[in-house]
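Please read the structure below before turning to the comments.
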Amino acid sequence: MAPHDPPPPDDTPALVDFSVDLSAQEVQRQAQVLAALGPDWDPMEVMRGEEAAYDLLYSGLDEEQQRLYDDLVAAGVLPPRGGGHAAA
């Protein structure tokens with residue numbers, strides 16, 4: 001030990017293994033989320049809505065925007081859509 005570090009006292013308590021099982025809380029959290037979403041929540045409809053929103057977002061691009069979109073797809077930043085080109 002370095003001279004500036006005092007030795008630990010002989011009565012230093014040993015480290016104790018500490019772990020917490022959060023699985024019950026996670027089940028409760030998931031149940032609360034599903035209850036908040038309600039019985040009418042349709043995850044497939046949500047996905048279709050998101051796809052429609054992306055189609056609209058990337059539609060009607062001018063030449064420069066289309067080039068930039070294609071560059072981003074080629075770089076792996078954006079996923080390819082509609083055969084690799086934004087919807088017209």
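Scanning for side-chain hydrogen bond (donor to acceptor under 3.5 Å, both in side chains) contacts around Asp21 gives Ser23, with sequence neighbours left out. With sequence neighbours left out, Glu63 forms a side-chain hydrogen bond (donor to acceptor under 3.5 Å, both in side chains) with no residue at all.
Atoms CZ and CG, on Arg67 and Leu72 in that order, are 9.0 Å from each other to the nearest 0.5 Å. From Glu50, atom CD reaches atom CD of Glu45 across 11.0 Å, with rounding to the nearest 0.5 Å. The CG atom of Leu37 sits 11.5 Å away from the CG atom of Asp42 when rounded to the nearest 0.5 Å.
Screening residues 26-36 for salt bridge (Lys or Arg N to Asp or Glu O under 4.0 Å), with sequence neighbours left out, gives Glu26-Arg29.
Hydrophobic clustering, with ILVMFWY side chains joined whenever heavy atoms are under 4.5 angstrom apart, keeps Val16 apart from Val20. Follow the hydrophobic side-chain contacts under 4.5 Å out from Met47 and you never reach Trp41; the two are in separate clusters. With hydrophobic clusters built from ILVMFWY side chains whose heavy atoms lie under 4.5 angstrom apart, Leu68 shares a cluster with Val77.
At a cut-off of 3.5 Å, with distance as the only test, no side-chain donor of Gln66 or Asp62 sits close to an acceptor on the other residue.
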